[in-house]
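Structure first, then comments.
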Amino acid sequence: MPSYTVTVATGNQWFAGTDDYIYITLVGTESCSERTLLDKPLYNDFERGAVDSYEVRVGENLGDIVLVKIEKKKYWVQDDWYCRYITVKTPSGDYLEFPCFCWLVNDKEVVLRDGRAHLPQDDKTSLVKQHRQKELDGRRKTYRWREWQPGFPMSIDANRHKDLPRDIQFDSEKGVDFILNYSKAIENLFVNQFMHMFQSSWSDFSDFEKIFVRIKNTISEYVMQHWKEDFMFGYQFLNGCNPVLIRKCKKLPDKFPVTHEMVAVSLERELTLEEEIEAGNIYIVDYEVLDGITPNSTDPCTLQYLAAPICLLYKNAHNKIMPIAIQLGQVPGEDNPIFLPTDGQYDWLLAKIWVRSSDFHHHQTITHLLRTHLMTEVFGIAMFRQLPAVHPAFKLLIPHIRFTIAINTKAREQLICECGIFDKANATGGGGHVQMVQRAVKTLTFRSLCFPDMIKSRDVDSKEELPTYFYRDDGYKVWEATKRFVSDVVNIYYTSDERVQGDEEIQAFVKDVCSFGMQDLDYCEFPKSLKTREELIEYLTVIIFTASAQHAAVNFGQYDWCSWIPNAPSTMRKPPPNKKGLANVNLIVESLPDRGRSSWHLGAVWALSQYQENELYLGMYPDEHFTEKPVKDAMAKFRTELAEITSSIKKRNEGKKLPYYNMSPDKIPNSVAV
């Protein structure tokens, strides 16, 4: 009797092994094998990390093996099992690989196709067509859209992490418990004695050092030493946590009536303000999105305040970006003065602190939460609903969706929900963060997620004009390398634009993102179809870049830039000043977060800046969803390019007091998972 050698690999994660019964059926073009129990006598099968081989004997020729069916049946108690892959050695000596990379829970069965990627139009037999359709039908029932808040991008239909499909849950829920992690961070940072001291102000700036963890020769320590200086304030618009707002000022807005006389002393080229604007030396940052947002009122003992400032910046003769005027509200008037570097030192310092606080809110809620976390979830849900495991785009994207839906669900469960951790320390807690997302969605277009377009739209694309904009320079390199990799993979499967147009699954995926994920909002301008390979390459590049490089750039620097509380206050406890001459050290300290909120803020930025245990960085693909050599070659080429980028960034950073490494590929995780 002919026999097939079946090799089964069990996952390495916690609880991946099983004691349940595992059955296999080989499905060929001619016939099927009998359902065979995979069991070796006196041997513990399917242990965590094990690779076990079994013989499957057949009575007749099966033809070409098309599908492998795996079933799990309860032995004693239900025991979930994670199967990595199955290989089949045929009687003629051929090897076939069947990637699985999924959990079998309860009495579940899974039917696998071999690892070669196929477009839907290439499937000719009813057997594989039906398998493809059945997989998608099941997925659409499992991965359902839901609107968490009106006007938000859609999210997964699950209230809690444990309600999610097992395949997208974290290996250990404990590892992503925000309450546990933040409390642990507060303890590790030795600030737990302050965490309940709400309403208790610090005595002066140096008092903040009591909760500041000094890590020698780091950015955070440099920030603590230089945070009051104008160059440090300006530098953060280029390479801080939120390097996405600065834009060239072509014309001063009417609502910000800065005159040449006001700023003349700050200008260094013997030009008028108007001439400096024409020469391209003036930049602007406007926090209009915060105007009218309701401040946090969840603690009746502490009034909290928000502002919507506008800040004018000047590129001086040394190419440093320096603040030259700040207005703390959107409507000019006597009670909304324009603060200047020539004002009293505390008036100017307090104005800058208000800008930094507003920047913190914009960063956390819009740049970080909305534009990386929530958007990657939209792409991920649509991917699961519309692309089967055999589709090349599914295989390409799945590593970049890893744990994203899980971390977002956990955030909705503990962090940004009503009475969540966000409410404890943030002035936008208690509903303000929801209002901000609802507003920001209205300017979230597909093109604004394309890195080169986003940079160009703000007129900050010239390296000559802004030579120290490292976020832009490194981002361009990673974007281009990612796009080349995506192009290499796409061109293997799509030999013409007609192949893209004829792929009903990729078209359904793109339509699902726009029509359901973004709720077909008039202003989102997401494509509903793709007509060319170039459009498909750009679309897939946007997804991978958003989930990896963009998220890394705005997430992992949080402890660096936000741990020194006066540089990034999460709340302000006094209203923005409505006239000059009022500010002194006492007013500033009483405006800054109290001891309790400072401790929660510090715990948050510490926890958010930590990499996952066993982190997978950009270009690392240990789960071999693709089995074809041309794709593996493209991956190797991508890794080589990324290593070269890492090396060039390392070289540039040598000797810098403020090195920029947030876009260095060796520090970019594959997916949004923290």
Side-chain angles (χ1 to χ4, degrees), residues 3-28 32-58 62 65-89 96-115 131 134-135 137-139 141-143 158 160-176 384 388-390 398 402-403 405-406 614 622-625:
S3 94
Y4 292 79
T5 303
V6 172
T7 301
V8 182
T10 297
N12 284 304
Q13 56 269 67
W14 289 104
F15 314 115
T18 187
D19 289 326
D20 283 357
Y21 296 114
I22 304 296
Y23 296 88
I24 194 166
T25 306
L26 305 179
V27 181
C32 296
S33 73
E34 288 187 9
R35 179 175 180 256
T36 305
L37 176 66
L38 299 180
D39 184 39
K40 295 182 202 169
L42 304 175
Y43 178 75
N44 199 349
D45 305 278
F46 313 114
E47 285 290 280
R48 174 184 168 202
V51 179
D52 300 316
S53 294
Y54 304 87
E55 295 298 314
V56 175
R57 300 192 179 279
V58 296
L62 302 182
I65 302 296
V66 182
L67 304 171
V68 168
K69 180 178 174 183
I70 301 284
E71 298 170 78
K72 184 176 79 67
K73 296 292 179 188
K74 185 166 81 171
Y75 166 63
W76 182 248
V77 292
Q78 288 291 0
D79 191 10
D80 297 349
W81 177 49
Y82 187 86
C83 176
R84 281 177 57 76
Y85 62 83
I86 290 169
T87 62
V88 177
K89 183 186 176 188
L96 297 168
E97 294 179 56
F98 293 82
C100 182
F101 302 110
C102 70
W103 288 91
L104 279 76
V105 297
N106 303 326
D107 287 348
K108 182 183 172 181
E109 68 174 50
V110 62
V111 181
L112 307 173
R113 279 183 72 172
D114 77 85
H131 171 263
K134 190 178 176 186
E135 181 186 1
D137 290 344
R139 292 247 211 91
K141 288 175 188 163
T142 306
Y143 296 87
R160 296 164 302 179
H161 179 267
K162 64 182 181 184
D163 300 333
L164 292 170
R166 185 72 182 88
D167 284 333
I168 60 169
Q169 290 182 23
F170 280 100
D171 298 332
S172 161
E173 190 178 355
K174 199 171 117 184
V176 286
F384 282 116
V390 74
I398 187 71
R402 179 176 178 256
F403 298 147
I405 300 172
N614 305 320
D623 291 356
E624 294 194 0
H625 292 275

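Sequential numbering from 1 along the given sequence is applied to the chain's residues. This structure is a prediction, so every number in the text was calculated from the model and none was measured.
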Are any of the side-chain heavy atoms of [X] and [Y] separated by less than 4.5 Å?
X: Leu67; Y: Leu112; result: no
X: Phe403; Y: Ile168; result: no
X: Glu97; Y: Asp114; result: no
X: Val51; Y: Thr7; result: yes
X: Val58; Y: Tyr4; result: yes

In plain terms, say whether [X] and [Y] are close enough for a salt bridge, that is, a side-chain N and a carboxylate O under 4.0 Å apart.
X: Asp163; Y: Arg160; value: yes
X: Asp623; Y: Arg84; value: yes
X: Glu109; Y: Lys72; value: no

Between the side chain of [X] and the main-chain N/O of [Y], is any donor-acceptor distance below 3.5 Å?
X: Asp80; Y: Val105; answer: no
X: Thr10; Y: Gly49; answer: no
X: His625; Y: Pro99; answer: no
X: Arg48; Y: Gly17; answer: no
X: Arg139; Y: Phe384; answer: yes
X: Lys74; Y: Asp79; answer: no
X: Gln169; Y: Ala406; answer: no
X: Ser33; Y: Leu26; answer: yes

Validation row, ring centre Phe15 to ring centre Phe170 under 6.0 Å: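 No; Phe170 has its ring centre 6.0 Å or more from that of Phe15.
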Identified side-chain contact (heavy atoms from CB on, under 4.5 Å) partner of Val56 from the options Val6, Thr25, Leu62, Thr5: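 Between Val56 and the candidates, side-chain contact (heavy atoms from CB on, under 4.5 Å) is satisfied uniquely by Val6.
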Pair Asp39-Tyr21, side chain to side chain donor-acceptor pair (under 3.5 Å): steps then yes or no: CA-CA 8 Å; Asp39 184 39; Tyr21 296 114; over 6 Å; no
Nearest heavy atoms of Glu624 and Phe101, plus distance in Å: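 For Glu624 versus Phe101, the nearest heavy atoms are N-CZ, 3.3 Å.
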Considering all heavy atoms, the nearest Gln78-Asn106 contact: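 Looking at all heavy atoms of both residues, the closest pair is OE1-CA, 3.2 Å.
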Parallel, tilted or perpendicular, as decided by the 30° and 60° cut-offs, for the rings of Trp103 and Tyr82: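 Rings of Tyr82 and Trp103: perpendicular, as their planes differ by over 60°.
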Cation-pi check, Lys73 onto Tyr23 ring (under 6.0 Å, within 45° of axis):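 Here Lys73 fails the 6.0 Å and 45° test against Tyr23.
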